[in-house]
K.L.:
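There's a structure below that I have some questions on.
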Amino acid sequence: MARSKYQPTEIEARWQARWAGQDAYAARNDDPRPKFYNLVMFPYPSGDLHIGHWYNYTGADIFGRFQRMNGYNVMQPIGFDAFGLPAENAAIKRNIQPREWTLDNIANMRKQLGKLGAAWDWDREVVTCLPDYYRWTQWVFLQFYKQGLAYRTKAPANWCPTCNTTLANEQVVSGACERCGTLVERREIDQWLLRITRYADELLNFEGLDWPEKTKLMQTNWIGRSEGAEVRFKAIVPPKTQTRDGGRRSSEDHAETIEISVFTTRPDTIYGVTFFLLAPEHPLVEKLTAPKQRNAVRAYIEQASHESEIERMSADKARPKTGVPLGSYALNPVSGERIPIWIADYVLMGYGTGAVMGVPAHDQRDFTFARAFGLPIRLVYQDETGSLDADAMSEAAPHVGHVINSGQFNGLPDSQATVNAFIQYIEEIGAGKATVNYRLRDWLVSRQRYWGAPIPIIYCPEHGEVAVPEDDLPVRLPDEAEFKPTGESPLRYDPSFLHTTCPICGKPATRETDTLDTFICSSWYFLRYADPHDETQAWAADKVAKWLPVDMYIGGAEHAVMHLLYARFFVKALRDMGLLAFEEPFTRLYHQGTVLGPDGQKMSKSRGNVIAPDSVVSRYGADAVRAYLMFMGPFDQGGPWNNQGIEGVSRYLNRVWALYSDYLDEQSSGAQVEVAAGVGVKRLRHRTIARVTEDYRNLRFNTALAALMEFVNGLNKARDDDKAVTNDPRFTAALETLALLLAPMAPFIGEEMWHGLAHADSVHAQSWPGYDPALTVDERVTVVVQVNGKLRDKLEAAPGISEDEARELALASAKVQAALAGRPVRKVIYVPGKLLNVVG
RNA sequence: GCCGGUGUGGCGGAAUGGUAUACGCGGCGGUCUCAAAAACCGCUCCCUUCACUGGGUUGUGGGUUCGAGUCCCACCACCGGCACCA
């Protein structure tokens, strides 16, 4: 009989239609089995599902299907993170409304997501740009507002003076506006922020989370907790007009002083302070600038306003330290010494207090700065040999020896106890206190843009800032907007949006026209999936309690810090409001790697190395594309796409099909009978189940497929060795197992085979196969014999061979004796059943 | 620059501190065929050798260990993030 041909397109279309009709993957709230919330990071609707989405979602779907077969009630939702900048760019470029563009893209991507063969629960779909979703985004914002976790203040934004508009960082190309090339500046404007810093300490705790170590480390470093002291320096305010002696002697005794706090992790070096630095944006700069320095200071501030923070933080030697003296002075609170005040761009307003005490001898950046401007360097630590010399140093000495030049503290060692002694003294003299500082800053959520969720706030001439009453939500985004280069949200030019009445007094008022950062939408979407159609509330407590927290969350490592930190913050804040009863949103987290182009480079249209999923799927089928993606390498590493690689995986599926269809042919002509070769088939089957189970559980899909390939190779070999084995029930069992093990990775061929092997129900509804550990080990083992760690011989033995037996056999070996060359055996190391190392 | 990660045959990669190179791709040889493709079988890290054998090899240089791709230190290269792309 002629072997039937593997036709993925036909098989896949057929099962696709069947599954859809049966609503096979809708998760039911009343299902008694244990729940498993299997989540992927939802896509931005850019218009096309790219191969990276396929990679992410295939791995997640395999895991979800695996868990379903392991007896879980799996919820695997999908949706779209649909607000954001690209829609506005498209609107301007193609003269199409963001809403229309986004909804068209979503319609297309729904189709593409369907082809993947993933077990999506479409009934739970969430689209963040629709009013029935963003209504609740606004509601969540109002809850934060009520708790004082949302507030409005001046905050910096990139500003293009030519386009009269704020710019996203992405729109700033090497300091200039991407559209017109004008140098971008930083401007302070009124914006909304969320007080994530209130949760800084709690966010450092990752207890109970099965997350990659590197992600926890990155978040920890991002939060950047450091202990130290806040120390108050007095600054002498220079006279407003220039006097002949610079305003110093005549007025200093009566001069006005103001206090400026610095944060330092090294209060123990306070006697070594030789200058005082302010960030160029520091609010006291103007007041502390002497008249003769005014022009230089203004010019420097202007220059610094064009620099990015990354540039400013750079400690690159090729980038010289810059700064300008204000012409005024500060007083060291411990020594009373007068030190000059400068502004320097390496001091950031967003970190600490925006002011730094300069200790050049023991801080590298301060050292470089002092050398650049000829400022004095004073050692307050000396090493044991007394070799440090302030004039001869080529770099700072951050940790060394013992304290000098510091009065009563001289002689103390470089230690935490010494730091504490200084803090205690600073507290005693009332100059400051021990404090904890975080690198983490509050989250700026205002966007001066149209395509986002409007911030539900009204400004009343009489009552000021007023929250929109919850019953009035959603504050609807107009369907259309005009994009003018005015620097303000297009909403400001839509009178029907802008003008409203005050909820308190009913008099005319205006709406906030900034919209919310899209990260807000993605900070709670996983809650909405639990209760997606609720028109009366953001979520029902019992439904969220049923499904949350997320059991497995798979998405890119590029979200390791911001999105994942924001979502954790949301859950903790909502918990404190009594709206959630759990601590952390994502119990287990996994980052898939990146799929690169065939040239090993990141895929991009300009490089012409983009692989379009639709075209490879129509050629090889979704099963082959899924399996190849997973076979490419470790799931968390990604790798380059290889056109020959997918050919190889496609050939494998053809071999699976050939094995299966030949078997069906041969079965029809033979009666079931056990033959000797069946024993090996049985062992191979058990070993394969063990390997694949372990691999799927740990998302090691590449080695799972390697095991499945070896399985098929082994079955073909067994059949070549003894044709009759196909009539052995153990061979039938092996083929059924093959269908079950393949089902998560290649759901269509798995289903087709399962049905072909005379089963009426879906392979995806079966229980995951078990195995007998005793049958997964070999009947004979190879014990490797080494001499001084080098391989010299191998012994074939029973698995339980003892050390004495192995040692005797090894020493009898001529190869071992030759390697020993007559030296006595000094030591023998034995790893049972595996290795014997003779040390001589 | 700072934070995090990665580096193994011609290529993608495998390897609880214990036989480095599983599995797949490519290449070479063969079977089948008038021929080719497909499919199937065999070989394939490097040097030495007709062969047996011996030696070498996991980015570079050191170290720990009976034994290191794996652990530690330094360096090099590449990738992700750096707060308004998402």
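Reminder, nothing fancy here: chain letters follow the sequence lines and each chain counts from 1.
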K.L.:
Need one value for A/Tyr652: base, sugar-phosphate or nothing, where a base atom within 4.0 Å counts as base even if backbone is also close, heavy atoms only.
P.N.:
nothing

K.L.:
A/Ile310 side chain: which of B/A86, B/C23, B/G1 is closest?
P.N.:
B/G1

K.L.:
Any side-chain N or O of A/Asn642 below 4.0 angstrom from OP1/OP2 of B/G13?
P.N.:
no

K.L.:
Using a cut-off of 4.0 Å on non-hydrogen atoms, how would the nucleic acid contact of A/Pro634 be classed: base, sugar-phosphate, or nothing?
P.N.:
sugar-phosphate

K.L.:
Nearest nucleotide by nearest heavy atom, which residue falls closer to the 5' end of RNA chain B, A/Asn788 or A/Phe42?
P.N.:
A/Asn788

K.L.:
Given that both distances must come in under 3.5 Å, which nucleotide forms a Watson-Crick or G-U wobble pair with B/U64?
P.N.:
none

K.L.:
For A/Trp641 and B/G13, give me the distance from atom CH2 to atom C1', rounded to whole Å.
P.N.:
16 Å

K.L.:
Counting heavy atoms not belonging to A/Arg365, are there more than 12 under 6.0 Å from its CZ?
P.N.:
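It does not: A/Arg365 CZ has 12 such atoms or fewer within range.
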
K.L.:
Would you tabulate the nitrogen or oxygen pairs shorter than 3.5 Å linking the protein to nucleotides 17-22 of chain B?
P.N.:
| from | atom 1 | to | atom 2 | distance (Å) |
| --- | --- | --- | --- | --- |
| B/G18 | N2 | A/Gln786 | OE1 | 3.3 |
| B/G18 | N2 | A/Asn837 | ND2 | 3.3 |
| B/U19 | O2 | A/Lys794 | NZ | 2.8 |
| B/A22 | O2' | A/Glu710 | OE2 | 3.4 |

K.L.:
If you go through the side-chain atoms of A/Glu558, does one of them form a donor-acceptor pair with the base of B/C82 closer than 3.5 Å?
P.N.:
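There is none.
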
K.L.:
ring-ring contact (aromatic ring centres under 6.0 Å, His included) between A/Tyr620 and A/Tyr628: does it pass, once the steps are laid out?
P.N.:
CA-CA 10 Å; A/Tyr620 299 101; A/Tyr628 170 62; 9.0 Å; no

K.L.:
Taking pairing as Watson-Crick or G-U wobble with both contacts under 3.5 Å, can you name the mate of B/C40, or confirm there isn't one?
P.N.:
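Check on B/C40: paired to B/G30, both distances under 3.5 Å.
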
K.L.:
How close or far is atom C1' of B/C2 from atom CG of A/Asp363, stated in whole angstroms?
P.N.:
14 Å

K.L.:
What does A/Gln601 touch in the nucleic acid at a heavy-atom separation under 4.0 angstrom: a base, only the sugar-phosphate, or nothing?
P.N.:
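Since no nucleic acid heavy atom lies under 4.0 Å of A/Gln601, the category is nothing.
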
K.L.:
Quick one: label A/Leu596 by what it contacts on the DNA or RNA (base, sugar-phosphate, nothing), any heavy atom closer than 4.0 Å.
P.N.:
nothing

K.L.:
What distance separates A/Tyr199 OH from A/Leu194 CG, expressed to the nearest 0.5 Å?
P.N.:
11.5 Å

K.L.:
Regarding A/Leu85, tell me which of base, sugar-phosphate or nothing describes its non-hydrogen contacts under 4.0 Å with the strands shown.
P.N.:
sugar-phosphate

K.L.:
Starting at CG of A/Leu705 and ending at P of B/C23, how long is that distance when rounded to a whole Å?
P.N.:
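Atom-to-atom, A/Leu705 to B/C23, this comes out as 13 Å.
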
K.L.:
With side chains defined as the heavy atoms from C-beta onward, is the minimum distance between A/Ile51 and A/Leu629 less than 4.5 Å?
P.N.:
yes

K.L.:
Any strand counts, and the cut-off is 3.5 Å on both contacts for Watson-Crick or G-U wobble. Which nucleotide pairs with B/A14?
P.N.:
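Matched B/A14 with nothing under the 3.5 Å cut-off.
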
K.L.:
Below the 4.0 Å mark, does B/A83 have OP1 or OP2 next to a side-chain nitrogen or oxygen of A/Arg441?
P.N.:
no

K.L.:
If you measure only the distance, is there a donor-acceptor pair under 3.5 Å linking the side chains of A/Thr137 and A/Trp524?
P.N.:
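Yes, a side-chain donor-acceptor pair sits under 3.5 Å.
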
K.L.:
In the structure shown, which nucleotide is the Watson-Crick or G-U wobble counterpart of B/A86, with both distances under 3.5 Å?
P.N.:
none

K.L.:
Can you name the closest pair of heavy atoms from A/Ala200 and A/Ile223 and give their distance?
P.N.:
O-CG2, 3.9 Å

K.L.:
Within the 4.0 Å heavy-atom criterion, would you say A/Arg365 contacts the bases, only the backbone, or no part of the nucleic acid?
P.N.:
nothing

K.L.:
Please state the P separation for the pair B/C43 and B/G24 - nearest whole angstrom.
P.N.:
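The same atom, P, in both gives a distance of 13 Å.
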
K.L.:
Determine whether a donor-acceptor pair (N or O, by modelled atom type, separation under 3.5 Å) exists between the side chain of A/His559 and the backbone of A/Gly556.
P.N.:
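Checking the backbone N and O of A/Gly556 against the side chain of A/His559, no donor-acceptor pair under 3.5 Å is found.
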
K.L.:
Apply ring-ring contact (aromatic ring centres under 6.0 Å, His included) to A/Trp192 and A/Phe141, showing your working.
P.N.:
CA-CA 11 Å; A/Trp192 286 91; A/Phe141 175 85; 5.7 Å; yes

K.L.:
May I ask you to say what A/Thr594 touches in the nucleic acid, namely base, sugar-phosphate or nothing, with a heavy-atom cut-off under 4.0 Å?
P.N.:
nothing

K.L.:
Which value, in whole Å, describes the distance between the C1' atoms of nucleotides B/G55 and B/U49?
P.N.:
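It works out to 12 Å between them.
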
K.L.:
Please measure how far the P atom in B/C25 lies from the corresponding atom in B/G17, and state the result in whole Å.
P.N.:
30 Å

K.L.:
Side chains of A/Tyr830 and A/Ile801, heavy atoms from C-beta outward: is any pair under 4.5 Å?
P.N.:
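Yes. Closest side-chain heavy atoms under 4.5 Å.
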
K.L.:
Could you tell me whether A/Leu708 contacts a base, only the sugar-phosphate backbone, or nothing, with contacts defined as non-hydrogen atoms closer than 4.0 Å?
P.N.:
nothing

K.L.:
Measure CG/A/Asn89 against C1'/B/C84 and give the value in whole Å, please.
P.N.:
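Rounded to the whole Å, the gap is 12 Å.
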
K.L.:
Just how far, in rounded Å, is C1' of B/G81 from NZ of A/Lys602?
P.N.:
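Rounded to whole Å, this separation is 11 Å.
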
K.L.:
Say you pick atom C1' in B/G26 and the same atom in B/C11; how far apart are they, in whole Å?
P.N.:
7 Å

K.L.:
If I take atom CD in residue A/Gln448 and atom P in nucleotide B/C84, what distance separates them, rounded to the nearest angstrom?
P.N.:
11 Å

K.L.:
When you match A/Val561 and A/Ser522 each to their closest nucleotide on RNA chain B, which lands nearer the 5' end?
P.N.:
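Its nearest nucleotide being more 5', the pick is A/Val561.
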
K.L.:
Using the P atom as the reference point in each nucleotide, state the distance between B/C66 and B/G59 in Å, no decimals.
P.N.:
24 Å

K.L.:
Using purine N1 to pyrimidine N3 plus N6-O4 or O6-N4 for Watson-Crick, or N1-O2 and O6-N3 for G-U wobble, both under 3.5 Å, which nucleotide pairs with B/U19?
P.N.:
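By the stated definition (distances under 3.5 Å), nothing pairs with B/U19.
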
K.L.:
Separation of A/Lys790 atom NZ from B/G67 atom P, in whole Å?
P.N.:
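Result: 11 Å.
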
K.L.:
So what does A/Arg651 hit on the nucleic acid, given a heavy-atom distance under 4.0 Å: a base, only sugar-phosphate, or nothing?
P.N.:
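Result for A/Arg651 = sugar-phosphate.
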
K.L.:
Which heavy atom in A/Leu444 sits nearest to a heavy atom in A/Ala155, and how many Å separate them?
P.N.:
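Looks like CD1-CB, 3.6 Å.
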
K.L.:
Applying the Watson-Crick and G-U wobble criteria at under 3.5 Å, what pairs with B/U57? Answer none if nothing qualifies.
P.N.:
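Its partner is none (no Watson-Crick or G-U wobble pair with both distances under 3.5 Å).
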
K.L.:
Do A/Asp517 and A/Tyr566 have a side chain donor and acceptor closer than 3.5 Å?
P.N.:
no

K.L.:
Paired with B/U6 by Watson-Crick or G-U wobble geometry, both distances under 3.5 Å: which nucleotide is it?
P.N.:
B/A77

K.L.:
Quick one: sort the A/Phe526 and A/Phe586 rings into parallel, tilted or perpendicular, breaks at 30° and 60°.
P.N.:
perpendicular

K.L.:
Whole angstrom is fine here: how far is it from CG in A/Asp695 over to P in B/A14?
P.N.:
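Result: 11 Å.
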
K.L.:
Should B/G9 be called syn or anti, with syn set as within 90° of 0?
P.N.:
syn

K.L.:
Enumerate all atom pairs, one protein N or O and one N or O from nucleotides 3-8 of chain B, separated by less than 3.5 Å.
P.N.:
| from | atom 1 | to | atom 2 | distance (Å) |
| --- | --- | --- | --- | --- |
| B/C3 | O3' | A/Asn221 | ND2 | 2.7 |
| B/C3 | O2' | A/Asn221 | ND2 | 3.0 |

K.L.:
Touch check for A/His563, heavy atoms < 4.0 angstrom, all strands: base, sugar-phosphate only, or nothing?
P.N.:
nothing

K.L.:
Using the P atom as the reference point in each nucleotide, state the distance between B/A74 and B/A15 in Å, no decimals.
P.N.:
28 Å

K.L.:
Are the aromatic ring centres of A/Phe631 and A/Tyr652 under 6.0 angstrom apart?
P.N.:
no

K.L.:
According to a strict under-4.0 Å criterion, is A/Arg449 in side-chain N/O contact with OP1 or OP2 of B/C85?
P.N.:
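No, because none of the side-chain N or O atoms of A/Arg449 sits under 4.0 Å from OP1 or OP2 of B/C85.
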
K.L.:
Work out how far the P atom of B/C82 is from that of B/G10, and round it to whole angstrom.
P.N.:
37 Å

K.L.:
Expressed as a whole number of Å, how far does the C1' atom of B/G62 sit from that of B/G54?
P.N.:
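Comparing C1' positions in B/G62 and B/G54 gives a spacing of 28 Å.
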
K.L.:
Apply side-chain hydrogen bond (donor to acceptor under 3.5 Å, both in side chains) to residues A/Gln219 and A/Trp211 and explain how you reach the verdict.
P.N.:
CA-CA 11 Å; A/Gln219 291 204 354; A/Trp211 279 32; over 6 Å; no

